[in-house]
Amino acid sequence: MKNINFLFVLIFGLSLGLTSCEDFLEENVKDQISVDYIYSSPAGLEVGVNALYNQMRYYNSPSGDNNDLWANVFFMVATDLGLHRTWNTPYGTGHNPQSFTGSKWIQGYKIIDRCSAIITSARSIKMDENAKKRLVAQARVIRGELYLDLKQMYGGILIDTIPTTPENINDAVEYKVASDADVYKLIDGDLDYAIANLPYKVDAGRYGQGVARHIRGKSALWQQDWAGAAAQFDAIINDGTHGLVPLAEVWGQNANHKESLFTYQRDFLLGPSDDLAGGGGFWLGSVFTQRTYELNANELIQDVAYGGQSLGWFYPNNYLKSLYDQANDLRFKTYYYSDNYLDYKINVPGNPKFGQPITNPAIAAPNGNYRAWHWSLKKYHDTEKLPMTSNSYKDYMYYRLAETYLLASEAHHNLGNDTKALAYLNKVRRRGYTGNPESTVTTFDLTAWTLNNYLDESARELAFENNRWFLLKRLGLLVERQNLYFRSSPSGTLAGEVPLKMTPAMINMPIPQTQIDLMGKPAGFNVGYN
C-alpha cells in the first residue's frame, strides 16, 4: 500500500512539448506519448528525463506574471538586501496559506512523483547499464534537489518514493511529517548516487557531477557536517571542469560558460510556452530594473542598454549599496545599472542634445520616483530582449562556481582551517576588484575570516541569486537581519520607505490552504501563522 500518497491529481499523459497541427477532428493525439512507452522503453526513459528538465525550468524560472514567478522572486528579494516597491508584498497581510503562493510545494511534489516513477520503472527496462544509470542519476539529482528545497522552505515535510499509479491512487493515505534524519538520508542517497554516475562534463542544460556535488555540499551544511561539505566543494573546485570566468562574462549574454554549474535553457524559436522545449518568456530581466524611459519623454525612450521594458518592482537597498567599495569594487558597476545620471545619454532622435547626458533626475523627478529612477540590478540584463516586452529568452544561470567557493570557505572555517577559508573567500573577492579570476593581487584581500566578512562578501557577489534567504535561515539570522535592513516603499519614494517586520514563524513557508484541507491539518506541518 502506498502509505504516503501523492497529494495531487495525477495526469496520466506526459506532454513532450511538441507543437502539432492536427485537424480538430483527428482522433490521434500527436503531442503526447503514452505512459507505457515512457516507463517501459529505453527511448521512453530518456523522454521522461528530458521532460523533468522542462518541469524544473517551470518550477525555477516560469514565464509571465503569475504566482509561480512570485514564488521564485520572493526568495530572491525578501532578505536583508531587498527593497520592495510594488507588486506582491513580502511578509505582508497576504503571507498566509490562503494567499501566499504555494506553487513551490505543489509543483515540487508533482515533479518528485515523476522522478520516482522514472527511478522505479528503470529497474525493469533492459538497456545499456551505463546509459541507464546516467538517466536515473539525473532524475535522482532532481529529486534530491527538490526535497532539499522543500525542507529549506517549509521545515516539516513528507517524503515519498513510491510513484503514483492507477493501481495505488486510491490507497489509504497517511500524512506524516518525516524526521530530519529520514529527509536527509533520502536527499544524500539520491545525490551520492548521482555523483557516482554522472560525469563533470555534460551538455548545457544537463545536470552533471558538479551540480550534484554542489547540492550535496549544501545538504551537508544544513546538517552541520562541515567535513562532508568541504569535501564536496573541494572536489568541484579541484576537478577543473568548472572555473571562475572574467567578471564581465559572469552575467553576460552567454550563460553557458565555465562558471555555470547549471543553466536553464530558453529558446524563443522552440517556445514560447513553458511546456515546450524553448520555454516561455521569463520576466526576471524586468522585475529589478528601473524605468529610465519614464524620466523625461523628450530625452529618453526605451533602450535595451538601459534594460528596455522594465517593471521596477524590487530593487537592491541602501544597506547592500553600503557594502560595496564603490571606487574599487568592479562589481558595483558590473552587477548593477549605474545610479550616476551622467552615464545615461539622451537617445530621442531629433533632440538637439542627442548623445549628451540626461537631465539630473533630482531635477526631473524631485519627489524621488523609484519606478523611473533607482539603483537597480543588472545581472539578468538581456541585450537581445525584444522591445516593448518584459519577456526574456536569455538562458538563466541557476548554480555557479562562485557560490561553491564561498560555501567552501564557510565549511573550512568551521573545520578550523581559516587559511583555506580565506583563500577561497579572497579568490572571489580578487576577481571582484580586478575583473580577473586568476588575479594574485592582494591589495584588497580580507585578512580575517569573520561571520560578518563572510556574509558581506557573499552579499556583494551573490545578491539576488536565490541563495541569501536560505543562507540566513540556515545560520539562524534571517528574522534579525531582514527586520534590520529590508525595506518597502509603497509610494515609491525615499520618504515612503518603511520596514516590513518578519515574525519568527515566517522562517517556514505556509503550506497552501488546499493542501491543508486535503491533509486535515496533520500535526507537525506549518499550516499558518495564527
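Residue indices begin at 1 and follow the sequence shown.
- A donor-acceptor pair is defined here as one N or O able to donate and one able to accept, closer than 3.5 Å; no such pair exists between the side chain of E497 and the backbone of R487.
- Residues Y336 and Y324 place their aromatic rings such that the two centres sit under 6.0 Å apart.
- To the nearest 0.5 Å, the span separating CH2 on W449 from CD on E410 amounts to 6.0 Å.
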Derivation of the side-chain hydrogen bond (donor to acceptor under 3.5 Å, both in side chains) call for S338 and N340
CA-CA 5 Å; S338 173; N340 182 350; 5.3 Å; no
Under the side-chain hydrogen bond (donor to acceptor under 3.5 Å, both in side chains) criterion, do D68 and Y58 qualify, and how do the steps go?
CA-CA 8 Å; D68 301 308; Y58 175 74; 2.4 Å; yes
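- Between the side chains of R481 and Y319, at least one donor N or O lies within less than 3.5 Å of an accepting N or O.
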Determine, step by step, whether E299 and Y344 satisfy the side-chain hydrogen bond (donor to acceptor under 3.5 Å, both in side chains) criterion, reporting the C-alpha distance in whole Å, the side-chain angles of both residues, the deciding distance to 0.1 Å, and the verdict.
CA-CA 10 Å; E299 293 187 346; Y344 294 84; over 6 Å; no
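- The aromatic ring centres of Y398 and H214 sit 6.0 Å or more apart.
- Evaluated for a salt bridge (Lys or Arg N to Asp or Glu O under 4.0 Å) with E461, the options K379, K427, R429, R400 yield exactly one hit, R400.
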For L471 and L455, run side-chain contact (heavy atoms from CB on, under 4.5 Å): C-alpha distance rounded to whole Å, both residues' side-chain angles, the deciding distance at 0.1 Å, then the answer.
CA-CA 9 Å; L471 173 63; L455 289 175; 3.9 Å; yes
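- Residues N256 and Q265 have side chains that bring a donor and an acceptor to within less than 3.5 angstrom of each other.
- Y91 and Q482 are not linked by any side-chain donor-acceptor pair at a separation below 3.5 angstrom, with hydrogens and angles left out of the test.
- Using a distance-only test at 3.5 Å, with no hydrogens or angles considered, a donor-acceptor pair links the side chain of Q253 to the main chain of T383.
- Atom CE in M153 sits 12.5 Å away from atom CG in N526 (nearest 0.5 Å).
- Residue pairs satisfying the side-chain hydrogen bond (donor to acceptor under 3.5 Å, both in side chains) criterion with at least one member in residues 69-79, sequence neighbours excluded, are listed as follows: N72-K104.
- Contact check for L244 versus E249: no side-chain heavy atoms found under the 4.5 Å cut-off.
- Looking at K385, its side chain does come within 3.5 Å of a backbone N or O of G307 through a donor-acceptor pair.
- A perpendicular orientation is assigned to the rings of Y109 and Y147, their planes being inclined by more than 60° (bins at 30° and 60°).
- No side-chain donor-acceptor contact under 3.5 Å links H412 to the backbone of N414.
- A salt bridge is absent between R57 and D274; no separation between the charged side-chain nitrogens and carboxylate oxygens falls under 4.0 Å.
- By the salt bridge (Lys or Arg N to Asp or Glu O under 4.0 Å) test, D339 pairs with K321, sequence neighbours left out.
- Here OG of S439 is found 6.5 Å from CZ of R430. Values are rounded to the nearest 0.5 Å.
- At a threshold of 4.0 Å, the pair R213-D239 does not count as salt-bridged, since none of the basic side-chain nitrogens sits closer than that to a carboxylate oxygen.
- Separation of atoms CG (D325) and OG (S322) is listed at 12.0 Å; rounding is to 0.5 Å.
- Using bins of under 30°, 30° to 60° and over 60° for the plane-to-plane angle, the ring pair Y380/F288 lands in the tilted bin.
- In terms of heavy atoms, W375 sits closest to N317 at CZ3-O, 3.6 Å.
- With sequence neighbours excluded, no residue forms a salt bridge (Lys or Arg N to Asp or Glu O under 4.0 Å) with K394.
- Closest heavy-atom contact between N67 and S103: O-OG, 4.0 Å.
- Considering every non-hydrogen atom in both K473 and I507, the closest pair reads NZ-O, 2.6 Å.
- Side-chain polar atoms of N452 and T450 form no donor-acceptor pair below 3.5 angstrom.
- Closest approach of F314 to W87, counting heavy atoms only: CE1-CE3, 3.7 Å.
- Between E403 and K218 there is a salt bridge, since at least one side-chain N of the basic residue sits less than 4.0 Å from a carboxylate O of the acidic one.
- When atom types are taken as modelled, the side chain of R291 and the backbone of G312 share no donor-acceptor pair closer than 3.5 angstrom.
- The closest donor-acceptor contact from the side chain of N426 to the backbone of L446 lies under 3.5 Å.
- Checked against Y396 for a ring pair (Phe, Tyr, Trp, His ring centres under 6.0 Å), the options W251, F282, W283 give a single hit: F282.
- Between Y293 and Y306, the distance from one ring center to the other does not fall under 6.0 angstrom.
- With hydrogens and angles disregarded, a donor-acceptor distance shorter than 3.5 Å links the side chain of S286 to the backbone of Q309.
- Note that CD of Q152 and OG of S219 are 9.0 Å apart. Values are rounded to the nearest 0.5 Å.
- Closest approach of P510 to F100, counting heavy atoms only: CG-CB, 4.0 Å.
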Would H413 and Y424 count as a ring-ring contact (aromatic ring centres under 6.0 Å, His included) here? Give the steps.
CA-CA 10 Å; H413 167 73; Y424 281 154; over 10 Å; no
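- Taking the six-membered ring for Trp and the full ring otherwise, F262 and Y207 have centroids separated by under 6.0 Å.
- A donor-acceptor pair under 3.5 Å links the side-chain atoms of N347 to the main chain of I301, judged by distance alone.
- Using modelled atom types, one side-chain atom of S310 and one backbone atom of G308 make a donor-acceptor pair closer than 3.5 Å.
- S61 and R266 share a donor-acceptor pair across their side chains, judged by distance under 3.5 Å alone.
- Environment of CZ in F268: sparse, with no more than 12 heavy atoms of neighbouring residues, nucleotides or ligands closer than 6.0 Å.
- In this structure, the separation between CG on D395 and CG on N254 is 8.0 Å, given to the nearest 0.5 Å.
- Between E145 and Y399, the side chains place a donor N or O and an acceptor N or O closer than 3.5 Å (distance only, hydrogens not considered).
- When every heavy atom of L311 is checked against every heavy atom of R85, the shortest pair comes out as O-NH2, 3.2 Å.
- The main-chain N or O of A448 is never found under 3.5 Å from a side-chain atom of D418 such that the two would form a donor-acceptor pair.
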Between I236 and L261, is the side-chain contact (heavy atoms from CB on, under 4.5 Å) condition met? List the steps.
CA-CA 10 Å; I236 302 169; L261 301 179; 4.1 Å; yes
